[in-house]
Colleague: 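Sharing a structure, written as structure tokens. Questions coming.
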Amino acid sequence: MKRAVAANPYGVQAGWGIIGTHIRPSAARCGVGRALFQATLKVAKEQGIPPIDATIAATNVQGLAYYTAMSFADYRSHEGAVCKAYTVG
């Protein structure tokens with residue numbers, strides 16, 4: 001995860017976290033993604049990061065499903081991508 005800065009190339013609001021979780025397809029449905037997100041969430045809470053952005057290709061059905069399962073919600077889309085946000089609580 002990294003923190004968005006002003007005028008970042010992703011168009012994410014400054015101060016937000018930006019993540020992109022990638023696992024080997026053979027590791028899908030084994031809990032790896034969930035474990036990675038729990039570690040990310042711990043850091044986000046410790047660092048006071050408000051929402052976390054994940055931008056996923058609109059054609060990446062598995063990626064979209066993963067972020068939805070992690071409680072991310074769609075908040076915008078652009079050029080073949082869906083941007084999802086998770087509000088750190």
Side-chain angles (χ1 to χ4, degrees):
M1 179 175 58
K2 58 183 164 183
R3 190 180 295 260
V5 296
N8 65 76
Y10 310 104
V12 175
Q13 184 174 329
W16 281 34
I18 300 173
I19 65 170
T21 304
H22 303 277
I23 62 168
R24 193 183 305 187
S26 63
R29 314 269 323 144
C30 295
V32 175
R34 188 169 300 277
L36 286 171
F37 182 63
Q38 290 307 309
T40 299
L41 190 54
K42 181 178 185 261
V43 171
K45 288 178 180 179
E46 289 170 354
Q47 303 222 347
I49 291 176
I52 300 170
D53 168 272
T55 299
I56 306 101
T59 57
N60 183 349
V61 176
Q62 289 178 318
L64 293 167
Y66 164 75
Y67 284 106
T68 298
M70 296 300 105
S71 299
F72 279 71
D74 296 4
Y75 78 98
R76 67 184 175 115
S77 62
H78 62 86
E79 303 174 28
V82 176
C83 300
K84 293 181 170 282
Y86 179 92
T87 302
V88 179

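These figures come from a predicted structure and were not determined experimentally.
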Colleague: Tell me, yes or no, whether the heavy-atom count around Arg34 atom CZ, taken from other residues, nucleotides or ligands under 6.0 Å, exceeds 12.
Modeller: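 No, CZ of Arg34 has 12 or fewer neighbouring heavy atoms, counting only those of other groups under 6.0 Å.
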
Colleague: Report the residues that fulfil ring-ring contact (aromatic ring centres under 6.0 Å, His included) with Tyr75, sequence neighbours left out, ordered by chain and then residue number.
Modeller: Trp16

Colleague: Atom CD1 in Ile52, atom CE in Met70: separation rounded to 0.5 Å?
Modeller: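 With rounding to 0.5 Å, CD1 (Ile52) is 12.0 Å from CE (Met70).
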
Colleague: Supply the atom-to-atom distance Lys45 NZ to Thr40 OG1, rounded to the nearest 0.5 angstrom.
Modeller: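 Atom-to-atom, Lys45:NZ and Thr40:OG1 are 12.0 Å apart.
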
Colleague: Taking all non-hydrogen atoms of both residues into account, name the closest pair between Tyr10 and Lys2 and its distance.
Modeller: OH-NZ, 3.2 Å

Colleague: How far apart are the closest heavy atoms of Gly15 and Pro50, and which atoms are they?
Modeller: O-CD, 3.4 Å

Colleague: Does Val32 form a side chain to side chain contact (heavy atoms under 4.5 Å, CB included) with Arg24? I'd like the steps, not just the answer.
Modeller: CA-CA 10 Å; Val32 175; Arg24 193 183 305 187; over 6 Å; no

Colleague: Check Ala6 against Ala14 and note the closest heavy-atom contact, atom names and distance.
Modeller: N-CB, 3.8 Å

Colleague: Would you compute the distance between atom CD of Gln47 and atom NZ of Lys42 and round it to the nearest 0.5 angstrom?
Modeller: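 Result: 10.5 Å between the selected atoms.
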
Colleague: Applying ring-ring contact (aromatic ring centres under 6.0 Å, His included), can you list everything that pairs with Tyr86, at least two apart in sequence or on another chain?
Modeller: Phe37, Phe72

Colleague: Can you pull the salt bridge (charged side-chain N to carboxylate O under 4.0 Å, His left out) pairs that have at least one residue in residues 60-71, sequence neighbours excluded?
Modeller: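 Found none.
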
Colleague: Shortest non-hydrogen contact from Ile18 to Ala4?
Modeller: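 Shortest heavy-atom separation between Ile18 and Ala4 comes out as CD1-CB, 3.7 Å.
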
Colleague: What pairs with Glu79 under salt bridge (charged side-chain N to carboxylate O under 4.0 Å, His left out), at least two apart in sequence or on another chain?
Modeller: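 Here no residue qualifies.
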
Colleague: If Ile, Leu, Val, Met, Phe, Trp and Tyr residues are connected whenever their side-chain heavy atoms lie under 4.5 Å apart, and connections chain through other members, are Val88 and Leu36 in the same group?
Modeller: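 Not linked; separate clusters.
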
Colleague: Remaining members of Val5's ILVMFWY cluster at a side-chain heavy-atom cut-off under 4.5 Å?
Modeller: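 Traced through the cluster, Val5 reaches no other member.
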
Colleague: Taking Cys83's backbone N and O only, do any of them form a donor-acceptor pair with Tyr67's side chain (distance below 3.5 Å, no angle check)?
Modeller: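 Looks like no, no N/O pair under 3.5 Å.
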
Colleague: Would a hydrophobic clustering, with Ile, Leu, Val, Met, Phe, Trp and Tyr connected at side-chain separations under 4.5 Å, put Ile19 with Val12?
Modeller: no

Colleague: Could you name each residue pair satisfying salt bridge (charged side-chain N to carboxylate O under 4.0 Å, His left out) that touches residues 50-63, not counting sequence neighbours?
Modeller: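 Applying salt bridge (charged side-chain N to carboxylate O under 4.0 Å, His left out) to every pair that reaches into residues 50-63, excluding sequence neighbours, yields nothing.
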
Colleague: Under 4.5 Å between side-chain heavy atoms, hopping through other hydrophobics if needed: is there a path connecting Ile56 to Met1?
Modeller: yes

